[in-house]
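Before any comments, here is the structure.
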Amino acid sequence: MGVRGLQGFVGSTCPHICTVVNFKELAEHHRNQHPGCTPTIVVDAMCCLRYWYTPESWICGGQWREYFSSLRDFVKTFTTVGIKLIFFFDGMVEQEKRDEWVKRRLKNNREISRIFHYIKSHKEQPGRNMFFIPSGLAIFTRFALKALGQETLCSLQEADYEVASYGFQNNCLGILGEDTDYLIYDTCPYFSIGDLCLESLSTVMLCRKKLCESLNINVADLPLLACLLGNDIIPEGMFESFRYKCLSSYTSVKENFDKKGNIILAVADHISKVLHSHQGEKKLEDMLPLGPNKALFYKGVASYLLPGQKSPWFFQKPKSLISLGKQVVSMSSDPECKQGVPMCIDYGSQQGLPMCTDPESNQGFTDPESNQGFPMCTPPKSNQGIPMCTPPESKQAVPMCTDPESKQEVPMCTDPESKQEVPMCTEPESKQEVPMCTPPESRQGVPMCTDPESRQGVPVCTDPESRQGVPMCTDPESRQGVSMCTDPESKQGVPMYTDPEFKQGIPMYTDPEFKQGVPMCTDSKSKQGIPIYIDPESKQGVPMCTDPEIKQKLPPGADPEFKLEALMCTNPAIKEDLVNMEPEVKQVTLVSDPDILKVARADHVQAESYLVYNIMSSGEIECSNTLEDALDQALPSQAFVYRPVRQRVYSLLLGDGGDGAGTCPTVKEWFVYSGNPLRHPDLVRPLQMNIPGGTPNLKLLWLNQEPGTQARRVEALLGCFDLSSSREELQAVENPFRALCCLLTYLFVQVDTLCLEDLHAFIAQALCLQGKSTVQLVDLQLDYIDSRAVQLGSLLVRGLTTLVLVNSACGFPWRTSDFMPWNVFDGKLFHQKYLQSEKGYAVEALVEHNRSRLTRFHALKSVVCKACAKENRRIVSRQHWRSHQPGSRQYEPDHWRRYSSSSGWSN
């Protein structure tokens, strides 16, 4: 994470920028400097997960009680000394960082493969050097911190920007994390979580000012340095040749430094000596080999600019230079130049007019045809003389200008609106003089007509079909003229787009935010023009809907990847006013209801929900690696097991409350599973829900507080798991086991390779967990580690995260605490019960000879088995398999998929 090579450089080359500090002392100093202000530390929670997970066992699915206790101690240590903590979690993966995300996931796959190889070889957990965080740790940490009363936020983009921005805007004590990007942001101090000693509350502070002093650059240069070295946006290889060129010309190479250290010094030296010498005079693309990566590079630099900050590297012409470029160089006398010029008499006004002077010869300008001098006039705005001619029809002198293309003089007239002189030409149809305009690209004059509404002149082109003049406007993207038509509603001219298929003109709409034209059609109900996009498959226009929350357009049901470049960000390479550029969160949405989006966004930011806002806003979600054995063909990946549930959630969130899911757009899933190279997302279709009374709409589930709504929410939740037929049995189960029974029923219906011994282990561990202390769980010892049990533990935990998604999508019918893992699951305890069950232990032994537990065990088992029987799933013992099928059970590919013919999985 962060800037390539910077962490090692700081440790080996610039250790002096690291200072040991004590949080208690810093907090006291902060209170003295800012009376009445509580010292606050912004925590990048994603960087801290590995530090927080202190339990010795991590392979069995997670020691959640121990982990919760560890978090409680962490929070208490800071609050005791009066320090407030605010935790930020990543809410989504930005498109620019997707490649980096994929690279890490594939690397994690290789690590997991080695972990399972070690387990099978040694029957024990690998050492800490192979540590892999338990599945769902980031998700459940949010809820653990909220349960501990901590302010917990989920970002609308990569969390590091929001962390740095919050610290910068709220005068925070500092940022706690482990990401060198915090050295690049110009924000509050950055503290290392990896060096934190919780007992003494001391850690290392990394000082960006000292880093700049060592590199002889300014703090404002750090974003430029980060992008040239490579980060999560700019691939490391993009400027590799440039960095080596800097290294070859660097004269202060330190022999005792490593190669990466010398490269960082060399690039910083280039910025200091070469780029600084041209700063403000040349654009970055004129000084650096940006090539086709110019826009990405500018965006990378801009991504470090916090609200209100500017970069000196975004070149902007001085205003005086811009205005000078638009002025016509004086060609004749004015009061400033104090030089005399010849005069002539205008026969219309009987007034003396100065004669033009040829700027080359300083002599009076003469018409090459007649060898006669041209008179001059001085427009009041420019105070500059321009030549004049007298048309034979009017007998009045009119000003003239030189056509840059033909080099010939053409008459001019005064635009009554702008009071500026514009050239004229003879219209071939009417034989009358009409004003002209000269587009900057073509440099050729085109005739103009007067818009009757605005009274302004607009250019005209000749329609090849009708041979008649058609008004034109200039496309801001291509800088070329496009024909116009008159909107019958507004009576205003709108640009037209020529359909290449049918050769017909289609009105265009200009997006006011991005200044780009998109085709329009007329809404039959409102009679107003609405933007459309051209479907690349059908070549037909599809209306676009606007999210009133963020004012963005998206075709209904469109592939979220369809977006103009400008829909995601403003291309800094084509803007002059980049000094004020800041990264913005700009997302298209698949749902346009403002009330629903507002609720979804609020729940997302407050870390109350999981994936719901991502589905509704961008139609794209991801799930990181899970401890799954790629070689175990009998157990499917959790990505496939829970996909039908997600598909019904998509139908609920993206549908219109009807029973049909066919009109819902597909959702892009970036889920890690064996054999998935992650080159592109899986396009997953919503799956129709089977709920008595039909699928309820979100306004009912989320906003309605009337009696009876809660029952509809429960129906929707069970409908997502396709367990509506077992509603009464499941509702009768006491908390916190109701959610667990729902999940187990779904699992055993979905995966037919699960057996009775597995069910016994799951239920027994949940019952025994209720009576055990954290210390007892810590002291629990296992005979050995079984690879299948490892995967089953991860499969159940991923099911709990799926319950979080479903519960939030359905309006929270169940208490979130009922399916938090520290209340229903412990990795080591499950592993112990699994091994005992495999050895043939009696149920009494599994529940540790506790009569109360035994009674509840049989009750819970009965609920799950009866619910499965309703779905034609009979749970049998593994001994039954072995008696009917000698050897291990053969696994048929995809045999476990209950909805393989209708679920819409991609191949």
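Values in this document were obtained by computation on a predicted structure and should not be read as measured data.
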If you look only at distance, which donor and acceptor atoms sit under 3.5 Å apart when one is on a side chain in residues 134-148 and the other is two or more places apart or in another chain?
unit_1: Thr141; atom_1: OG1; unit_2: Tyr67; atom_2: OH; d: 2.7
unit_1: Thr141; atom_1: OG1; unit_2: Leu137; atom_2: O; d: 2.5
unit_1: Lys146; atom_1: NZ; unit_2: Gln606; atom_2: O; d: 2.8

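- Cation-pi check for Arg50 over Trp52 is not met; the charged atom does not lie both under 6.0 angstrom from the ring centroid and within 45 degrees of its normal.
- In summary, the aromatic rings of Phe191 and Tyr182 are positioned with their centroids too far apart to meet the 6.0 Å limit.
- Looking only at atom types and distance, the side chain of Asn625 has no donor-acceptor partner in the side chain of Tyr673 under 3.5 Å away.
- Ser202 and Ser200 share a side-chain donor-acceptor pair at under 3.5 Å.
- A distance of 9.0 Å separates CG of Leu224 from NE2 of His270, quoted to the nearest 0.5 Å.
- Between atom CG of residue Leu247 and atom CZ of residue Phe242 there is a gap of 11.5 Å, rounded to the nearest 0.5 Å.
- Going from atom CG of Leu211 over to atom CG of Leu206 covers 9.0 Å, rounded to the nearest 0.5 Å.
- You'll find the ring centres of Tyr185 and Phe168 outside the 6.0 Å limit.
- Listed by chain and residue number, His30 satisfy the ring-ring contact (aromatic ring centres under 6.0 Å, His included) test with His34 (two or more places apart in sequence, or in another chain).
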Using salt bridge (Lys or Arg N to Asp or Glu O under 4.0 Å), reason through Asp779 and Lys828 one step at a time and then give a plain yes or no. CA-CA 10 Å; Asp779 293 338; Lys828 276 199 302 184; over 6 Å; no
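- Looking at Leu777, Leu769, Val797, Leu800 one by one, the single match for side-chain contact (heavy atoms from CB on, under 4.5 Å) with Trp64 turns out to be Val797.
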Give the table of side-chain donor-acceptor pairs shorter than 3.5 Å for residues 53-60, with sequence neighbours excluded, one pair per line with atom names and distance.
unit_1: Tyr53; atom_1: OH; unit_2: Ser57; atom_2: O; d: 2.6
unit_1: Tyr53; atom_1: OH; unit_2: Gln63; atom_2: N; d: 3.0
unit_1: Thr54; atom_1: OG1; unit_2: Ser70; atom_2: OG; d: 3.4

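- Side-chain atoms of Glu178 and Ser192 form a donor-acceptor pair, as typed in the model, at a separation below 3.5 Å.
- No side-chain donor-acceptor contact under 3.5 Å links Trp101 and Glu622.
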Stepwise, does the side chain to side chain contact (heavy atoms under 4.5 Å, CB included) test hold for Phe74 with Leu196? CA-CA 11 Å; Phe74 179 87; Leu196 174 65; 3.7 Å; yes
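- A cation-pi arrangement is not found for Arg65 relative to Phe68, the charged atom failing to lie both closer than 6.0 Å to the ring centre and inside a 45° cone about the ring normal.
- Residues Asp181 and Tyr304 bring a donor and an acceptor atom of their side chains to less than 3.5 Å of each other.
- Thr203 and Asp195 share no side-chain donor-acceptor pair at under 3.5 Å.
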